[in-house]
Number of protein chains: 2
Amino acid sequence: MKEYENLFTEQIHRELKSFTEYRIAYQEIWTLRNVLSVLQWDSEIILPEDGREERGSQIGLLSGLIHSKYAGESFYKLAEKAREENEQKNLPGQAERKIEFERLFQDLDRSRRLPQELVEEFSVTTSKAHSIWAKAKKENRFADFAQILSKIVELSKEQAECYGYQTEAYDALLESYEPGERAKDLDKLFFNLKNSLKPLIAKGKKVANPFLKEIPVFLQNKLGEALPGILGLSSGISRLDASEHPFSTSLGSKDKRITTRYDLKDPLSSIFSILHETGHSLYEVGISEIDGGPSPLHDSVSLGIHESQSRLWENQVGRSKEFWEMYYPIFLDTLNIKESELSFSKLFSYINQSAASLIRVEADQITYNLHIILRFEIERELINGRIQVRELPEVWNSKMKEIFGITVPSDKEGVLQDVHWSGGAFGYFPTYTLGNIYSAQLFQTFSKENSNFQSEIKQRKDFSSLLNWLKRNVHWKGKFYSAKDLIRSATGSDPDSSYLIQYLEKKLIELESTDHG
Amino acid sequence: MKEYENLFTEQIHRELKSFTEYRIAYQEIWTLRNVLSVLQWDSEIILPEDGREERGSQIGLLSGLIHSKYAGESFYKLAEKAREENEQKNLPGQAERKIEFERLFQDLDRSRRLPQELVEEFSVTTSKAHSIWAKAKKENRFADFAQILSKIVELSKEQAECYGYQTEAYDALLESYEPGERAKDLDKLFFNLKNSLKPLIAKGKKVANPFLKEIPVFLQNKLGEALPGILGLSSGISRLDASEHPFSTSLGSKDKRITTRYDLKDPLSSIFSILHETGHSLYEVGISEIDGGPSPLHDSVSLGIHESQSRLWENQVGRSKEFWEMYYPIFLDTLNIKESELSFSKLFSYINQSAASLIRVEADQITYNLHIILRFEIERELINGRIQVRELPEVWNSKMKEIFGITVPSDKEGVLQDVHWSGGAFGYFPTYTLGNIYSAQLFQTFSKENSNFQSEIKQRKDFSSLLNWLKRNVHWKGKFYSAKDLIRSATGSDPDSSYLIQYLEKKLIELESTDHG
């Protein structure tokens, strides 16, 4: 839908008065959301310490203002009028506008199903829960977190009842992150994956950190700052900063910012964060390139699709042999490392190492998905009422044993490790693995059609064929399709985890040959 | 009025319902103004190049929203009701609230006197004028700028008629920057100053740049970053960045940011910008420390008073011998300069050099004020209709000759040098020299009462007696007094330029003794 604008001729604007009016109101809301993103970015990167509390009020006030504009009666009525007008007037682009309104009302109607008191109680409870969780994790005391987590689970179940669902309550929450996705479909997708990945764990290899000395931040930054540009993210519309947790954010159609984190002992940590966040940003840039926006169609499809874009650049591209054949000399040169200190095969094995481990955020490509499936299975049962909060440590630990063969030594390295549940984000975890599944499937389709890509990287640092393919097949589709339909239209098949399995199996074979080579 | 909060007991809030309601609305406006400052700060320091246009829309939208909240009927009526309520109920703090409403309605009523069309025409014209002026300056073609400047002068005169005035139109514009100030009073203040400064020009000395090598930015930054903290601006509520034009801004009561500019060939340039901007920020911090805010009284008095706070730290403190006796070793050490390369007396003479010059922003302490008086005399005549735009170059050049004995070689170094008139900021210039006059008068009063200050600086880098004196006598008064009353209450005398004259005369004597010492 790149040329969505063609549907907005002067004639359309003249004849669809309500549509034009609704779009002006939408643009205002969109602009204020970008202002909110500026405040949030600034809070993470810039804000002097003591300004934090007042910044909270600024963000609160602006969020409230945006909410009242978006979810208020007047915008709803305006949009309804515009929708009716579109139905009545048979003008070019009518079908596309119909989908635009579907997306809009999906979101508006959904948020209107939650009573105000529930929204407020949820917000108060989860904001209290964050520090309780952080303390309980630090002190390794799950019991201290259990009470408020039970409350959050109850409120989440209430939310699910308000939203409504067909099969199971969990689906109603999953919908917030992955519209159209259902737990029973995830089950199918993940079943295969789990069974195929478990035997791969033993084939992976843990590799020791090969860096002989610390690499100062200014050198890592020098290397990292050039990387987004190499992939195709122009410095005229983006910037790189450092933050505790890497993230990417869009502050406008030509203002995309990413962050990374520097580990003095391991410069790859920052490189892979940059690859990941650049992937997210490239998607946002692509969406902004769609004409005729902003609109509810000028948006990402789902968290899973968003994650597919970051994982694709991080893993399929960033852990490939071709990428490192191109990047290895730049890497050594910029960081003042001699080839004799760090051979290619040593570096490449380290980049693709894999081993069973306790902590999700430190996990590798293979085991990461098993960490996710574990969480999905547990949170689904929790929301569907088949397990209780007090049983969580036991359930967690036995699943870790079953999947990884690992005995969890403490809840802080087990059930307490992630922030998500303290924020009531049930349904979020599976989108990480959906991202991995989608990225493998998309990259496989692209590779078939673009057999020169690997040599384009190696010889010319040229990633444009991939970026253009992603723009055409994913980014420029905006929110026109559901995630599943988008994957179908881009790859010709239903979402399928076998692409990811094949990719990981091939990776293990490639590693063996590199080791011996 | 530091303990203004004491006037807001529970009882007051209970009994003054409208007042409480009006204050909640005021706080919302104030918070949104801070959000706007975040957007503006980010535009100057952070924003990727291509994001500029969209940022313009964000700023435009938010400004419009703030304007409609502040200048709209509903806030006005709320404030009127609160004012009446305060008059009717004889409760503690009634007199202070009366002044709060005076300040508020002064501002509200003033802005309501301008018809919307005039506001818009002025805004459109001045925004066009900026690039026309920049081009005309670059190409040294005053004629190209004359037409739009005439338009701006006409619109400014119209504004003055709408605002109303007693003696002359110029006063109505001056009121925007220096409330309560009148041109005829400035005349008296400046008359003395001009006559006393003219003979000092010849006594000043031009000193060549004494730095033998370029000083890299990271070293200058290391030196500069520590400076605000030494003066008393805590790093928990402030930060330092680099920008083309140094500025300071308040983004919240505990979020004050300053910027500087680095000149590789002259590290003093950045140091004096930091001293200046720190002075502005310390004032803003002091205002934020007043209890019971935000309110129309929790604000700076005028641009002149604001400038007095920056000039005091930049000049009275930052160009003093005692400051440099303390700072000289730190300066040399941090910048890797040897004492043999740069003697104290050489540095100190350079810091206090003075000579007739063409350009205001490069002028020294003595001649700066003469540059201002020249502009004040010209713009006053222009607004009062006694000279025409086309006569400006001639008037300018003849005044430069009269005051400095300098022949202006080109309009770009003459009448075209400043941005102010292209923005229609008539009445702004005199506040710079008011700042210098006030700063000398305030510092002189402080010094009489604090004879140990110079040794506290020298021996302990301790500026707290000065900062506390300024807080008590200036910052914590907020906007409770007019500028003149504030100076009277702080110094015991009417604003008087003789303090500044004495200070500059003493400085010349001190320099002579340093030269010979």
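Just so it is clear, the values below take in all heavy atoms, side chains as well, and ignore hydrogens, waters and symmetry mates. Letters A, B, ... mirror the listed sequences (proteins, then strands); counts begin at 1.
The distance from the CD atom of A:E49 to the CG atom of B:D255 is 11.5 Å, given to the nearest 0.5 Å. Considering CD of B:E54 and OG1 of A:T31, their distance stands at 7.0 Å, rounded to 0.5 Å.
Here the shortest heavy-atom pairing between B:R257 and A:I46 reads NH1-CG2, 3.3 Å. Nearest heavy-atom pair, A:P48 versus B:S235, reported as atom, atom and distance to 0.1 Å: CB-O, 4.2 Å.
Remark: of the listed residues A:L47, A:V35, A:L39, A:L39 is the sole one forming a side-chain contact (heavy atoms from CB on, under 4.5 Å) with B:V38.
Within 6.0 Å of NZ in B:K471 there are more than 12 heavy atoms belonging to other residues, nucleotides or ligands. Counted within 6.0 Å of NZ on A:K213, heavy atoms from surrounding residues, nucleotides or ligands total more than 12; the atom is thus considered enclosed. The environment of A:K461 atom NZ is sparse: at most 12 non-hydrogen atoms of other residues, nucleotides or ligands sit within 6.0 angstrom.
Only the side chain of A:R55 comes within less than 4.5 Å of a heavy atom of chain B; its backbone N, CA, C and O stay farther away. Within the 4.5 angstrom heavy-atom criterion, only side-chain atoms of A:L61, from C-beta onward, approach chain B. A:L65 touches chain B through its side chain: at least one heavy atom from C-beta onward sits under 4.5 Å away, while N, CA, C and O do not. Contact annotation for A:E53: neither backbone nor side-chain heavy atoms come within less than 4.5 Å of a heavy atom of chain B.
At least one side-chain heavy atom of B:N34 sits under 4.5 Å from a side-chain heavy atom of A:Q58.
Ranked by heavy-atom pairs shorter than 4.5 Å toward chain A, the options B:G51, B:S253, B:G236, B:S234 are led by B:G236.
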